[in-house]
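Report on the structure given below.
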There are 2 protein chains.
Amino acid sequence: MSDTQNPPGGAEGGGRSARKRRAILDAAREVFLRGGYLGTNMDEIAALSGVSKQTVYKHFGSKESLFVEIVTGMTSGAGDTVHERLPEPAEDDDLAEYLRDYAYRQLTVVLTPDLMRLRRLVIGEVARFPELARVLHENGPARAMRAMAGLFERLAGNGRLDVADPATAASHFNWLVMAEPVNRAMLLGDEAVPPPEELRRHAEEGVRVFLAAYGRGSGRPAE
Amino acid sequence: MSDTQNPPGGAEGGGRSARKRRAILDAAREVFLRGGYLGTNMDEIAALSGVSKQTVYKHFGSKESLFVEIVTGMTSGAGDTVHERLPEPAEDDDLAEYLRDYAYRQLTVVLTPDLMRLRRLVIGEVARFPELARVLHENGPARAMRAMAGLFERLAGNGRLDVADPATAASHFNWLVMAEPVNRAMLLGDEAVPPPEELRRHAEEGVRVFLAAYGRGSGRPAE
DNA sequence: CAAGTACGGTACTGGACAGTCTAGTTTTGT
DNA sequence: ACAAAACTAGACTGTCCAGTACCGTACTTG
């Protein structure tokens with residue numbers, strides 16, 4: 001209809017087939033995130049992507065395949081954006097400041113509406129698609145906590161943290177920061193996500209508690 | 001068929017109608033928890049409860065009503081078992097011990113398989129039934145944290161804790177203890193729930209961190 | 001430009017399922 | 001004992017939906 005005049009390279013690259021494929025994926029993500037697996041029908045996906053149902057089934061063999069592709073794509077993609085580009089803290093950086101920034105960044109990514117909807121979707125389908133939940137756990141919390149555990153271990157080696165069990169410390173740090181807002185958003189909807197400045201305060205409080213337990217005596221500066 | 005010989009009082013009390021009603025509720029809980037809202041059909045509920053479909057619709061007007069009744073019943077019921085019967089710690093009690101016990105009890109209740117399945121179910125249906133999620137949040141984490149905040153406030157008044165903001169302290173305590181195992185069980189299934197002794201260790205570690213941040217200088221005993 | 005492939009539109013199949021209807025049976029209250 | 005109320009079994013309606021078939025058309029490629 002609207003892009004009949006874009007023979008080879010419209011706005012996005014790739015051949016016609018590849019373009020259709022992307023359109024289907026985009027539409028399917030939207031529709032699945034809105035309605036869940038059972039609450040979604042393939043006609044709606046076809047209509048929203050401006051493609052015939054036949055084409056949908058040519059590209060993805062079944063509703064189930066399409067669903068799995070959408071979800072795995074989103075989970076692994078989201079995990080990549082958080083890690084892979086957090087600089088190690090320099091020797092003379094303020095450690096508390098570094099941890100606050102890290103916490104805040106993590107919060108803003110995970111609380112993205114689409115990621116919250118993905119999380120709800122996957123959790124609701126644990127019984128039907130246990131593999132997807134496993135992948136989400138691996139690419140989400142498990143991955144983040146492994147990265148943090150490595151960092152804490154190095155910082156303990158430097159003498160900048162007092163951490164005997166890096167994995168436990170990483171879990172404590174992660175959930176001190178993430179648990180409250182994630183749980184709220186999970187149950188109360190995306191409108192329950194606090195505004196940025198409140199998230200920053202929340203991150204600060206979490207870091208304060210973490211450093212009180214794992215800092216080198218400087219956790220509570222006063223007194 | 002089998003209970004034709006129990007005229008008035010079979011095993012459970014109540015008239016025939018009340019007994020049927022309970023049977024329907026039990027069956028519906030099982031089936032909804034297993035298959036989710038859309039994944040459940042009313043014929044299965046009728047069959048499992050040993051009752052005709054007509055009777056199901058006499059007692060509960062629709063699939064939706066039945067679902068709402070099941071879920072609200074479970075959420076409020078579960079909240080009650082945790083609170084309402086935690087004794088205040090006595091003056092000469094060991095506070096750390098008291099908090100460990102409290103944390104461990106909370107863990108064992110929340111990690112019950114049925115409660116985990118309920119949580120997944122409700123989260124997966126947030127878009128369709130936002131009210132249910134609100135109720136679960138209110139009767140679950142919110143209620144627990146309010147109770148804890150009250151306790152911490154009193155302990156701060158006693159000089160046994162160093163808590164300026166009881167609500168934040170309660171959130172930190174709650175999630176230090178609950179977040180990791182609950183999140184694991186949520187995504188990895190009920191088999192990922194750690195055995196009791198590991199839960200106890202986990203509760204201990206959470207309490208240790210909490211007291212390091214909020215205790216009266218005695219958080220980290222060494223040094 | 002011709003042959004082959006991908007796509008659109010649409011109708012169709014087969015099955016599932018919420019909720020209703022009917023007619024006969026059991027239970028209960030009085 | 002008897003009438004009202006509750007229950008049973010199963011057929012039935014209307015609807016929705018995954019996946020397929022068919023055929024004409026647009027695009028791609030040699």
Side-chain angles (χ1 to χ4, degrees), chain A residues 1-28 31-32 34-70 125 128-129, chain B residues 1-28 31-32 34-70 125 128-129:
Chain A
M1 303 289 182
S2 60
D3 53 4
T4 314
Q5 310 295 33
N6 310 17
E12 329 85 341
R16 178 175 68 155
S17 196
R19 245 178 306 130
K20 300 279 179 191
R21 186 188 171 88
R22 262 200 307 277
I24 295 168
L25 283 171
D26 286 350
V31 178
F32 275 131
R34 192 184 336 128
Y37 179 68
L38 291 176
T40 288
N41 67 354
M42 299 295 274
D43 293 275
E44 194 177 347
I45 292 178
L48 183 60
S49 52
V51 145
S52 83
K53 208 156 80 155
Q54 194 63 228
T55 305
V56 176
Y57 277 96
K58 270 268 162 18
H59 279 283
F60 312 90
S62 68
K63 184 181 183 180
E64 191 169 324
S65 319
L66 179 53
F67 181 71
V68 169
E69 185 131 343
I70 292 284
E125 298 295 342
R128 224 179 313 270
F129 299 97
Chain B
M1 304 289 176
S2 59
D3 53 2
T4 313
Q5 311 295 32
N6 310 16
E12 329 86 336
R16 177 174 71 156
S17 197
R19 245 179 304 131
K20 300 279 180 191
R21 187 189 172 88
R22 261 201 306 279
I24 295 168
L25 283 171
D26 286 352
V31 177
F32 275 130
R34 194 190 327 133
Y37 179 68
L38 291 176
T40 289
N41 68 352
M42 298 295 272
D43 294 277
E44 194 177 347
I45 292 177
L48 183 59
S49 51
V51 145
S52 84
K53 208 158 72 155
Q54 194 62 228
T55 303
V56 175
Y57 278 95
K58 271 267 162 19
H59 278 283
F60 312 89
S62 68
K63 183 182 182 180
E64 192 170 321
S65 319
L66 180 52
F67 181 71
V68 169
E69 184 131 345
I70 292 285
E125 299 294 343
R128 225 179 310 270
F129 299 97

Report task. Would you check, one step at a time, whether the test side chain to side chain contact (heavy atoms under 4.5 Å, CB included) holds for A:Leu66 with A:Met42? Result -> CA-CA 10 Å; A:Leu66 179 53; A:Met42 299 295 274; 4.2 Å; yes
Could you give the [atom1]-to-[atom2] distance, from [X] to [N], as a whole number of Å?
{"X": "A:Lys58", "N": "C:dT5", "atom1": "NZ", "atom2": "C1'", "value": "10 Å"}
{"X": "A:Arg19", "N": "D:dA26", "atom1": "CZ", "atom2": "P", "value": "16 Å"}
{"X": "B:Phe60", "N": "C:dG19", "atom1": "CZ", "atom2": "P", "value": "14 Å"}

Query raised in the report: Hey, what's the ring geometry for B:Phe32 with B:Tyr37, parallel, tilted or perpendicular (30° and 60° as the breaks)?
Result: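 B:Phe32 and B:Tyr37: parallel rings.
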[X] vs [N]: side-chain N/O to OP1/OP2 distance below 4.0 Å:
{"X": "B:Thr55", "N": "D:dT8", "result": "yes"}
{"X": "A:Lys20", "N": "C:dG8", "result": "yes"}
{"X": "B:His59", "N": "D:dC7", "result": "yes"}

Report task. Identify, with sequence neighbours excluded, every residue that meets ring-ring contact (aromatic ring centres under 6.0 Å, His included) alongside A:Tyr57. Result ->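 Checked A:Tyr57 against ring-ring contact (aromatic ring centres under 6.0 Å, His included); zero matches.
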Query - Test ring-ring contact (aromatic ring centres under 6.0 Å, His included) applied to A:Phe60 - qualifying residues, sequence neighbours left out - result: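 By the ring-ring contact (aromatic ring centres under 6.0 Å, His included) rule, A:Phe60 matches no residue at all.
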Query raised in the report: Would you find a donor on one side and an acceptor on the other, under 3.5 Å apart, between the side chain of A:Thr40 and the backbone of A:Val31?
Result: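 Such a contact is found between A:Thr40 side chain and A:Val31 backbone.
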Do any N or O atoms of the protein come closer than 3.5 Å to N or O atoms of nucleotides 21-23 of chain D, and which pairs are they?
| unit_1 | atom_1 | unit_2 | atom_2 | d |
| --- | --- | --- | --- | --- |
| D:dA21 | N7 | A:Gln54 | NE2 | 3.4 |
| D:dA21 | N6 | A:Gln54 | NE2 | 2.7 |

Report task. Can you check each nucleotide of nucleotides 13-19 of chain D against protein heavy atoms at under 4.0 Å and return B for base, S for sugar-phosphate only, - for none, in 5' to 3' order? Result -> ----SBB
Report task. Output all residues satisfying salt bridge (charged side-chain N to carboxylate O under 4.0 Å, His left out) with B:Arg34, sequence neighbours left out; order by chain, then residue number. Result ->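 Checked B:Arg34 against salt bridge (charged side-chain N to carboxylate O under 4.0 Å, His left out); matches are B:Glu30, B:Glu44.
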Requested in this report: Applying salt bridge (charged side-chain N to carboxylate O under 4.0 Å, His left out), name anything that partners B:Lys20, two or more places apart in sequence or on another chain.
Outcome: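 Scan of B:Lys20 (salt bridge (charged side-chain N to carboxylate O under 4.0 Å, His left out), adjacent residues dropped) gives none.
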Query raised in the report: To the nearest 0.5 Å, what is the distance between NE2 (B:His59) and CD (B:Glu69)?
Result: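 B:His59 NE2 to B:Glu69 CD: 11.0 Å, rounded to 0.5 Å.
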Query raised in the report: Can you name the residues that form a side chain to side chain contact (heavy atoms under 4.5 Å, CB included) with B:Ser52, not counting sequence neighbours?
Result: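 Counting only residues at least two positions away or on another chain, B:Ser52 forms a side chain to side chain contact (heavy atoms under 4.5 Å, CB included) with B:Gln54, B:Thr55.
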Query raised in the report: Of all residues at least two apart in sequence or in a different chain, which pass the side chain to side chain contact (heavy atoms under 4.5 Å, CB included) check with B:Asp26?
Result: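 Listed in chain order: B:Arg29.
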Query - Pairs satisfying salt bridge (Lys or Arg N to Asp or Glu O under 4.0 Å), at least one member in residues 51-68 of chain A, at least two apart - result: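 Checked against salt bridge (Lys or Arg N to Asp or Glu O under 4.0 Å) - neighbours excluded - the pairs reaching residues 51-68 of chain A are A:Asp43-A:Lys53.
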Query raised in the report: What stem regions, each of at least 3 consecutive Watson-Crick or G-U pairs below 3.5 Å, can be found for DNA chain D?
Result: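 If one scans DNA chain D for consecutive Watson-Crick or G-U pairs, the stems found are C:1-30 with D:1-30.
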Query raised in the report: Do you know which two heavy atoms are closest between B:Val51 and B:Val56, and how far apart they sit?
Result: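 B:Val51 and B:Val56 have their closest heavy atoms at CG1-CG2, 3.9 Å.
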Which protein N or O atoms sit under 3.5 Å from an N or O of nucleotides 13-15 of chain C?
none

**Report entry** Worked verdict on B:Leu38 versus B:Arg128 for side chain to side chain contact (heavy atoms under 4.5 Å, CB included)
**Finding:** CA-CA 11 Å; B:Leu38 291 176; B:Arg128 225 179 310 270; 3.4 Å; yes
